[in-house]
Amino acid sequence: MSSLDRKLVRELWRLKAQVLAIALVIASGAALLIMALTTIEALEETTAAYYERTRFADVFAQAKRAPEHLGRDIAEIPGVRLVETRIVEGAILDMPGFAEPVVAQLLSLPERGPELLNALVIRSGRLTDPARPNEVVVSEPFAEAHDLKPGDSFSAVLRGRKRTLQVVGTALSPEFVYAIAPGGLMPDDERFGVMWMGHDAVTAAFDLKASFNSVTLGLLPGADEKDVISRLDGLLAPFGGIGAYGRADQTSNWFLESEIAQQKNMSRIMPTIFLAVAAFLTNMVIARLIETERHEIGLLKAFGYSNLAIGWHYAKMVLVIGTIGILIGSLLGAWLGHWNTELYTKFYRFPFLLYRPGPAGFVIAGAISLGAALAGSLAAVRRAARLPPAEAMLPPSPPIYRRSWASRTALAGALDEPSRMIIRRIIRWPVRAFLASLGLAMSIAVLIMALQWVDAIDALAETAFERGQHQDATVAFNDLLPIHTAGDYKHLPGVLAAEPYRHASARISHGHLVERQGIIGVPPGAILSPVFDVERGRIDVPPGGLVLSRKLAELLQVSAPAIAWASNSWRGARPD
């Protein structure tokens, strides 16, 4: 071991408290970065494998009632690989031991053979028997929320008729990795469930013989999705089609991809704060160490050590501190990544977890951490390498003090001596003062970023459920009803007011920009569900007009006087 290496070991041991503190800060940044990168890798790999194994569809579409033979025409669309028609309807469930009615989405299963697309992963029990029309398979989260097992039964209302359904299995589906009720904000497995029933049984229950109201497509590699969607909309238009959409707009997949995108953003923000603090601490420790070792640096240079050797000596100290932090952060990050991914697999329901982090995440985290530590100490190491031997043997020159412009102002006479000392110090060492303030600002930013979620969620809940919605209950229908039906509900016991509204799927376009959204029709002077703006309060929708949310207006680049086109599937409708 060389003399400089022995000196390095002694200094590391003498400064073990500072070394450990900096290493732990570096470890925190590296662990957060590794956790985010390995979580992203695991989620993307698990999602891709799950979608591939279950043949998750590329295009989805709904209609009012389309004839079964239309499936052959859909299969002939250029770029289409697989077509599966089905029936998707809503149901009301009466669950044992649960006081509130439960909303369910009911999907039909092929009578013969496996599902061509969106194949179920059976978790317990079996699929339905075509000869037994009351058998259903329920989603595993819903079964767990209500403690359902194969052999249990419950009552359901299917198109106004009540019948008893028997659970024969539980399953997971790639369509419902994030199972959220239509119009819901968050998953609620107690109040919303997914069920699968034999095709003939669903056909009989909803009077859709030789018909379908939902279709899913698998596309060939390289197929033009927009062209396929356009052609599919044209075929479904005469049968009440409400607009096809791609996998990117499918509700479950959209939430999952948004979460992965959020993880990518977090991988840039949080580790940056910790590594910036680590760089600041490294610079401070190395700069102070060099100031106390000026005589030693001068002696080393007098004995023939070059500037490069001196600079490399202190750079090795930074590398050792960074390596300790990276080792701790790698172990902690791998554990946090696995723990974080398991949380996601419980919230986003996957049947399996592929957590096989490759070296890329660890190498990236290690390189960025070492780079941050070296960048923080670069100026101090450069000063040590350039320090002439004769100058290094002397004590550091005292700073030159002179009267500044601040001391000549009238304000200086009004301040006491401690205040003038503080102001002079800030003016004479502005970079040092700025870095100190930046470190404090980053620490406060971390606290605010963590705590603001509570206020944001409270504000969202107050705006959406107290100021923007005044109703106590919402009743949804499968079919359109006459407007006077709302008056019947006003006569129910305990009802003070009832308002009708209508919801329709639409593509809203402005120029070349197109967004797929829902349009809600509200009555004039709506009180129970008014159009509400945070700044302006209640907004009255003008006759024939269209009010957009701020986010939608931003996506469409629409200003207040501009006109947007709203297309209900294929039929254009232009608001005033």
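Note that the structure is a prediction, hence the values are computed from the model and not measured.
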Which atom names give the shortest non-hydrogen contact between V80 and I74, and what distance separates them? CG2-O, 3.9 Å
With rounding to the nearest 0.5 Å, note down the distance linking CD1 in I229 to CG in L236. 11.5 Å
Just checking, any donor-acceptor pair under 3.5 angstrom between side chains of Q250 and Y245? no
Worked check of side-chain contact (heavy atoms from CB on, under 4.5 Å) between T216 and V59: CA-CA 6 Å; T216 58; V59 175; over 6 Å; no
Is there a salt bridge (charged side-chain N to carboxylate O under 4.0 Å, His left out) between R123 and E144 once you walk through the steps? CA-CA 12 Å; R123 305 288 283 177; E144 291 176 352; over 6 Å; no
Measure from the side-chain N and O atoms of H146 to the backbone N and O of M95, and report whether any donor-acceptor pair falls under 3.5 Å. no
Taking the side chain as every heavy atom from C-beta outward, state whether F142 and V102 have any pair of such atoms under 4.5 Å apart. yes
Give me each pair satisfying side chain to side chain donor-acceptor pair (under 3.5 Å) with a member in residues 186-197, each pair once, sequence neighbours excluded. E100-R191, D188-R191
Show the nearest heavy-atom pair for residues A248 and W254, with the distance to one decimal. O-CD1, 3.6 Å
How far does NZ of K64 sit from CD1 of I242, to the nearest 0.5 angstrom? 10.0 Å
Evaluate I180 against T251 for side-chain contact (heavy atoms from CB on, under 4.5 Å), listing each step before the verdict. CA-CA 8 Å; I180 183 171; T251 302; 3.5 Å; yes
Tightest non-hydrogen contact, residues L217 and V215, listed as CD2-CG2, 4.0 Å
Examine the side chains of N118 and E84 and answer whether a donor and an acceptor come within less than 3.5 Å of each other. no
Residues T341, F350; criterion side-chain contact (heavy atoms from CB on, under 4.5 Å); working and verdict: CA-CA 11 Å; T341 306; F350 294 102; over 6 Å; no
Given side chains that start at C-beta, do those of F212 and L208 come closer than 4.5 Å, heavy atoms only? no
Measure from the side-chain N and O atoms of R55 to the backbone N and O of L116, and report whether any donor-acceptor pair falls under 3.5 Å. yes
Is the shortest side-chain heavy-atom distance between L107 and M197 below 4.5 Å? no
OG1 of T39 to CD of E44, rounded to nearest 0.5 Å, is 11.0 Å
Are the side chain of E41 and the backbone N or O of G358 linked by a donor-acceptor pair below 3.5 Å? yes
Considering only NZ, NE, NH1 and NH2 on the basic side and carboxylate oxygens on the acidic side, decide whether R86 and E175 come within less than 4.0 Å. yes
F347 and Y178 aromatic centres sub-6.0 Å: yes
How about N265: does its CG atom have over 12 heavy atoms from other parts shown lying under 6.0 Å from it? yes
I'd like to know if the side chain of D73 reaches the main chain of L235, judged simply by a donor and an acceptor atom lying under 3.5 Å from each other, with no hydrogens or angles considered. no
Is it the case that over 12 heavy atoms from other parts of the model lie below 6.0 angstrom from the CG atom of L447? yes
pair N253-V177: side-chain heavy atoms closer than 4.5 Å: no
In the structure I gave you, are the side-chain heavy atoms of I519 and I508 within less than 4.5 Å of one another anywhere? yes
Expected output: side-chain S230 to main-chain K226 donor-acceptor under 3.5 Å: no
Can you see whether F352 has R53 sitting over its ring - NZ or CZ less than 6.0 Å from the centre and within 45° of the normal? yes
Might you point out which heavy atoms bring M195 and A91 nearest each other, and give the distance in Å? CE-CB, 4.5 Å
Using every non-hydrogen atom in the two residues, find where Q105 and F176 come nearest and quote the distance to one decimal. OE1-CE2, 3.8 Å
For a quick check under 3.5 Å, do E342 and Y355 share a side-chain donor-acceptor pair by atom type? no
So L353 and T46, do their side chains get closer than 4.5 Å, heavy atoms only? yes
Going by heavy atoms in the side chains, are F239 and P67 under 4.5 Å from each other? yes
For residues 240-255, which residue pairs pass the salt bridge (Lys or Arg N to Asp or Glu O under 4.0 Å) check, not counting sequence neighbours? D58-R247
Identified side chain to side chain contact (heavy atoms under 4.5 Å, CB included) counterpart of S139 within the set T170, V194, L172: V194
What's the shortest heavy-atom distance between G71 and T85, and which atoms? CA-CG2, 4.4 Å
Can you tell me how far OG of S173 sits from OH of Y50, rounded to the nearest 0.5 angstrom? 5.5 Å
Audit row: L37, F362, side-chain contact (heavy atoms from CB on, under 4.5 Å) steps and yes/no: CA-CA 9 Å; L37 294 177; F362 296 89; over 6 Å; no
Heavy-atom check, side chain of E225 versus side chain of L219, under 4.5 Å: yes
Mark yes when over 12 heavy atoms from residues, nucleotides or ligands other than Q452 sit less than 6.0 Å from its CD; otherwise mark no. yes
Return yes if some donor-acceptor pair links the side-chain N/O of H199 with the main-chain N/O of P110 below 3.5 Å, else return no. no
Are the side chain of S108 and the backbone of V202 linked by a donor-acceptor contact shorter than 3.5 Å? no
Enter the distance from L120:CG to E140:CD here, rounded to the nearest 0.5 Å. 12.0 Å
Can you sort out the partners of L481 under side-chain contact (heavy atoms from CB on, under 4.5 Å), two or more places apart, ordered by chain and number? F477, T485
Within this structure, what is the CZ-CZ distance for the pair F206 and R159, rounded to the nearest 0.5 Å? 7.5 Å
Checking the side chain of S214 only, and the main-chain atoms of Q62 only, is there a donor and an acceptor separated by less than 3.5 Å? no
Look only at the side chain of T38 and the backbone of M35, and say whether a donor-acceptor pair between them is shorter than 3.5 Å. yes
